[in-house]
Amino acid sequence: MSYTVKTDIFEGPFDLLLHLVARQKVDIAELSICDIADQYLAYVDTMRELDLDVASDFLLVAATLLELKAASLLPQESMPELEEFEDMPAEEARELLVARLLAYKQFKTTAAELAARFEATSRMHSRAAGLEDRYLRLMPDYLEGVTLRGLAVICADLVYRREVFLLEAEHIAAAPISLEAHVEGVARTLRNRGRAMLSELVMADASKEELVVTFLAILELYKRGLVGLKQDVLFGDIEVASIEKEDR
Amino acid sequence: MSDRTEELRGPLEALLFVSDEPVNAARLAKILDADPVEVDKALRELSDEYADEERGFQLREVAGGWRMYTHPAHHPYIEQFVLSWDTRRLSQAALEALAVIAYHQPVSRGGVNAVRGVNSEAVIASLVEKGLIRETGRDKNAGNAILYATTRAFLEKFGLKDLAELPPLEEFAPDPDTERAIRERLNALDGPTLADEDVEDDEDDDKCEDSIDDVE
Amino acid sequence: MSDRTEELRGPLEALLFVSDEPVNAARLAKILDADPVEVDKALRELSDEYADEERGFQLREVAGGWRMYTHPAHHPYIEQFVLSWDTRRLSQAALEALAVIAYHQPVSRGGVNAVRGVNSEAVIASLVEKGLIRETGRDKNAGNAILYATTRAFLEKFGLKDLAELPPLEEFAPDPDTERAIRERLNALDGPTLADEDVEDDEDDDKCEDSIDDVE
């Protein structure tokens with residue numbers, strides 16, 4: 001299956017943590033949250049170079065591990081606040097992490113079972129030959145109400161949307177503006193301020209290219225689930241708000 | 001076969017042959033103007049007959065109905081003949097998300113994220129597009145987050161009669177050794193011994209709602 | 001049946017069951033790596049067997065080869081069954097795929113995906129089942145991807161003599177060059193880089209993702 005070839009890519013922070021936890025079969029007594037945390041961070045570090053977006057998914061668990069590590073070194077110290085594990089004593093945070101990991105492990109196993117079922121079922125083929133001609137006219141009219149013109153409009157619309165999209169993208173590519181840099185820039189601003197209007201995110205003297213890239217950056221952040229968008233009136237200013245990552 | 005089920009065989013085969021989805025016995029009985037119990041019996045006999053005679057096709061009960069499929073033994077020939085390498089596989093990420101949805105349905109994206117520990121938006125969209133899951137409502141208690149459930153196509157593609165046929169989730173719980181190992185390894189060396197506290201149920205982790213709805 | 005033709009029965013039934021057109025004995029023999037004479041014999045025996053046992057389907061030799069058909073004795077039931085089929089209309093996704101296929105045929109799944117910006121596997125399968133499109137060949141230059149085209153039923157539904165009668169897309173597009181540009185792009189996209197092996201990574205088939213690649 002496809003995932004077996006990407007050996008060093010993990011499907012999420014729990015997947016990586018599970019891998020690290022399971023990898024060391026020996027010396028259980030020697031292992032500690034410190035080792036795990038260090039290994040985890042080392043991995044996230046290499047990942048960060050490869051793909052910042054992927055790495056960001058892993059940071060909450062990294063932060064939790066760090067908290068646990070700190071707690072194990074300095075049990076009396078109070079811990080910095082963490083989003084999901086906020087105000088939670090280290091022990092509880094650990095317990096939650098263990099519970100999450102166990103639940104994830106359970107579903108990973110379940111997924112493997114489902115994959116096996118899917119694989120087995122996909123070796124049995126239903127008949128997709130369609131009806132014999134004599135029955136075709138009896139079939140319900142799945143295209144009821146659809147006109148030829150309607151079909152053409154749908155196709156033209158798709159094609160046009162796609163075309164504009166590509167043209168815009170090509171246009172931007174010509175300018176030395178990195179979308180990823182803008183994504184980072186917008187994300188940084190939002191991290192500091194929580195929310196901002198689109199008009200505030202683009203400089204007053206921004207070129208059309210910069211405007212477009214900033215807008216694309218906002219769409220990209222929206223797609224990644226990092227920001228929410230709100231526009232009160234048509235053609236009005238757009239509010240971009242950072243989303244607390246409580247659902248990670 | 002009894003006389004009656006013998007009579008039903010031909011018409012049943014013809015209907016099943018042309019059907020593009022699983023059909024239940026009641027519907028077949030109605031079309032054949034026959035007793036549903038007889039039809040059900042005839043279907044089971046037919047299914048056994050195909051199996052006994054090692055025919056190229058089989059009759060299976062899936063997704064709430066009966067449908068003919070080729071026998072898996074002949075898959076390599078069929079692949080060569082029509083399907084080529086057009087086999088439809090699912091990524092690990094998609095399978096994980098699907099597993100969570102299958103067992104916790106109806107469940108929000110936040111619920112799936114919580115179990116997987118990672119944003120599952122893209123995989124959920126791809127599962128919807130593949131027709132394996134669908135939107136089934138909104139969670140009023142969680143910012144109107146969209147709830148997802150599996151479809152009939154899911155049952156069919158996974159060879160399940162109904163959702164009750166899903167193997168119990170408990171079967172997949174990590175064994176005590178794994179659990180102990182995970183606990184120990186995430187434990188501080190000198191930390192307090194962990195009591196066997198209740199493992200938190202992830203279904204209830206729905207504080208993580210649809211992130212976009214939060215803002216609006 | 002002789003031992004050998006007995007052995008061939010299962011695989012032959014499986015192949016004929018899924019085939020949507022007559023297949024000749026030579027082709028079947030090649031796929032099964034069997035003696036064409038034996039295959040021909042097995043086909044005749046199978047055909048007789050269906051007839052003797054009054055099965056719901058029959059195996060007939062028609063122009064171009066062998067094909068399974070429903071038995072005429074059961075036609076009234078089948079007609080009633082087909083008439084009872086769910087009249088749900090096509091989803092927006094299915095209409096989009098159909099529109100793209102109508103205008104760009106023959107086109108691969110990858111080509112439809114490229115225009116729609118999302119994976120179209122499930123809708124294409126449903127359009128085939130509904131008899132609106134069909135497989136029409138393979139794209140040798142794109143990993144043997146299956147090519148799709150509309151069916152005669154599609155033409156009849158819209159009262160078209162042939163595809164040339166489809167209203168020109170240009171009438172509906174703001175830019176007359178668009179269609180040509182897209183065709184060129186589709187051809188480019190259909191190339192080996194977008195071979196169908198990649199379909200399992202559907203999460204990546206996303207419009208936005210494409211855009212990032214394009215920009216960088």
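Every chain is numbered from 1 and lettered A, B, ... according to where its sequence line falls, protein lines coming before strand lines. Just so we're clear, the structure is a prediction, and the values are computed from it rather than from any experiment.
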| said: Looking only at heavy atoms and a cut-off of under 4.5 Å, which of A:Thr121, A:Thr109, A:Leu101 has the most pairs with chain B? | reply: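 Going by pairs under 4.5 Å, I would pick A:Thr121.
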[Y] side chain reached by [X] side chain, heavy atoms, under 4.5 Å:
X	Y	answer
B:Pro174	A:Gln106	yes
B:Asn119	A:Arg224	no
A:Phe107	B:Leu169	yes
A:Leu114	B:Leu166	yes
A:Met124	B:Arg60	yes
A:Tyr104	B:Glu96	yes

| field | B:Asp177, CG atom: more than 12 neighbouring heavy atoms under 6.0 Å | value |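 Counting other residues, nucleotides and ligands, CG of B:Asp177 exceeds 12 neighbours.
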| request: Return the option, out of B:Gln58, B:His71, B:Glu156, B:Arg116, with the maximum number of heavy-atom pairs under 4.5 Å with chain A. | output: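 Top option by heavy-atom pairs under 4.5 Å: B:Arg116.
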| task | With sequence neighbours excluded, tell me which residues meet ring pair (Phe, Tyr, Trp, His ring centres under 6.0 Å) with B:Tyr148. | result |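 Listed in chain order: nothing, the list is empty.
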| query | How close do A:Ala115 and B:Leu95 get, heavy atom to heavy atom, and via which atoms? | reply |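 Smallest interatomic distance, heavy atoms only, reads CB-CD1, 3.4 Å.
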| field | Minimum-distance pair of heavy atoms, taken over all atoms of A:Pro13 and B:Val118 | value |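 Smallest heavy-atom distance, with atoms named: CD-CB, 4.0 Å.
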| request: Consider only side-chain N and O atoms of B:His75 and A:His125, and report whether a donor and an acceptor are under 3.5 Å apart. | output: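 Looking only at side-chain atoms, A:His125 and B:His75 do form a donor-acceptor pair, the distance falling under 3.5 Å.
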| request: For chain A, find its close neighbours in residues 17-25 of chain B: heavy-atom separation under 4.5 Å, sorted by number, or none. | output: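 Residues of residues 17-25 of chain B touching chain A at under 4.5 Å: B:Phe17, B:Val18.
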